[in-house]
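All remarks here apply to the structure that follows.
Each ligand, and each atom within it, is numbered from 1 in the order the structure gives. The first residue in the sequence is number 1, and the count goes up from there.
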Amino acid sequence: MTFDVDAVRAQFPILREAGLDGRPLVYFDNAASSQKPLAVLDAIRAYYEHDHANVHRGVHVLSRRATEAYEAARTDVARFVGAASPDEIVFTRGTTEALNLVAYAWAAFLSPGDEILLTELEHHSNIVPWQLVARQTGARIRAVPIHDDGTLDLEAFEALLGPRTKVVAVTHVSNALGTVVDVAHIAERAHAHGAIVVVDGAQAAPHGAVDVAALGADFYALSGHKMYGPTGIGALWGRASLLEQMPPWQGGGEMIETVTFEESTWAPPPARFEAGTPNIAGAVGLGAAARWMLDLGPAAIAAHEASLLARATELVGAIAGVRLVGTAPHKAGVLSFVTDGLHPHDIGTLLDEQGIAVRTGHHCAQPVMRRMGVDATARASFAAYNTLAEVERFAAALQRTVTLFG
Ligand code: C6P
């Protein structure tokens, strides 16, 4: 069956907005945040119009309906990542909060001299929480290097693993380079050394199927707003046996069993990690986004985006004076590049004037920028609603920009 991109686009009202040149905007900033289909917008509106109250608290009809909607969303997200049970899904504000949650809770099991293994590909949100926890516990951060094309150096990874390795925290897809990491291999090797494996799935979840069972990791973090859902909501999948061992990282309502002034006892997961009134409407929107992606077909989305990336790589790679940053054989959704003579910010501004939105900067991944020998890149990133015609318009605009100003 062919992928009907026009039918997909019709579900995104915002794609009818014009860019600065008066033509429909080419939105290639999906890795920063994707646009939302009607299914998500409608679900949030219907929730507030018909079902809103606080969850898990009231005996009245609206509280029951809100709780049902919130827990149904948990089931949708569990299905989306292939979790064994909805209880393995903790709602968070996003990937950043999910990674902070694991780091802070897992600090309870770290001692001086323990090692936390990261990679040079990581986004700051999979570096800084671990640094804070390392400072608190006396654990040490080590980083797996990458090759020049942006693939992980698996030999170096193997050499860095050892009896002190307690945590391996790795991105599934690099937001700056697009490299897809072989998480299943990483997890298998890390587990052989007794380490837990934490995966930053922020840039993988929007692009295709996530199957936490097949990946074999222990924790998987994602953000709703990058996978067609709302902002301010995300999820942490955690292996049930590990979530059960973990202490809470934030205290408040909903996460306790009993409270006295002397001590409190904790609710079982996932409630233990969801202190306070959650983002109920956000969860409903994320559940709708997960269902929308599953209905469209994660494999079909991945195949469509692969054809966009292949064409963009071919066209942009052929422009004199443009250098691609990140050329791993297995990439998803992202084309990063620099040009001779123009700063990425100028490229971004000049493309914006031609109705094309890309992101420019260090992409909150300064170590990988440093490793690739650049301060910043321009980055085009693709979603299910993008078209080959848009890729061609982008390449032509970039060619024009480089010819006129490069
Ligand atoms: N990357 C980008 O333009 P939050 O902000 O919590 O939703 O996601 C953080 C995050 C974590 N890991 C990866 C791999 C990411 O790409 C991001 C967000 C955006 O690339 C904003 S910097």
Side-chain angles (χ1 to χ4, degrees), residues 27-36 77 81 90-104 118-131 143-144 146 150 152 169-181 183 186 198-208 210 215 217 219-237 279 282-283 285-286 289-290 305 325-326 328 331-337 344-345 348 357-369 371-372 374-383:
Y27 187 75
F28 279 174
D29 196 16
N30 297 289
S33 200
S34 63
Q35 302 300 349
K36 320 303 170 200
V77 175
V81 300
V90 179
F91 283 120
T92 63
R93 280 194 298 128
T95 301
T96 302
E97 190 174 76
L99 294 170
N100 275 275
L101 189 169
V102 185
Y104 279 97
L118 311 177
T119 84
E120 280 186 339
L121 290 173
E122 300 314 309
H123 185 276
H124 297 165
S125 62
N126 205 21
I127 300 173
V128 183
W130 297 111
Q131 282 174 337
V144 181
I146 57 173
L152 215 52
V170 61
T171 195
H172 194 176
V173 171
S174 154
N175 69 317
L177 308 184
T179 310
V180 179
V181 172
V183 170
I186 302 272
V198 181
V199 181
D200 173 350
Q203 296 294 348
H207 296 301
V210 177
L215 291 174
F219 296 95
Y220 197 94
L222 57 81
S223 292
H225 70 99
K226 294 189 197 290
M227 48 172 281
Y228 310 102
T231 53
I233 187 76
L236 175 72
W237 166 80
N279 181 355
L286 175 56
E305 291 178 358
V325 181
K331 284 180 57 173
V334 164
L335 191 76
S336 251
F337 57 93
H345 290 322
V358 299
R359 183 168 176 193
T360 63
H362 57 59
H363 314 296
C364 302
Q366 287 181 3
V368 76
M369 293 286 110
R371 167 62 181 85
M372 301 306 277
V374 293
D375 294 334
T377 69
R379 181 189 70 182
S381 52
F382 309 111

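- The residue from L99, N126, V183, V210 that alone fulfils the side-chain contact (heavy atoms from CB on, under 4.5 Å) condition with V199 is V183.
- Donor-acceptor pairing under 3.5 Å is lacking for the side chains of S174 and T179.
- A donor-acceptor contact shorter than 3.5 Å links the side chain of K36 to the backbone of G229.
- Contacts of ligand 1 (protein heavy-atom distance under 4.0 Å) are A31, A32, T95, T96, H123, S125, T171, N175, D200, A202, Q203, S223, H225, K226, R359, C364, R379.
- Separation of the H123 and H362 ring centroids does not fall under the 6.0 Å cut-off.
- At least one donor-acceptor pair closer than 3.5 Å links the side chain of Q203 to the backbone N or O of A31.
- Taking T119 as the reference, E122 meet the side chain to side chain donor-acceptor pair (under 3.5 Å) condition, with sequence neighbours excluded.
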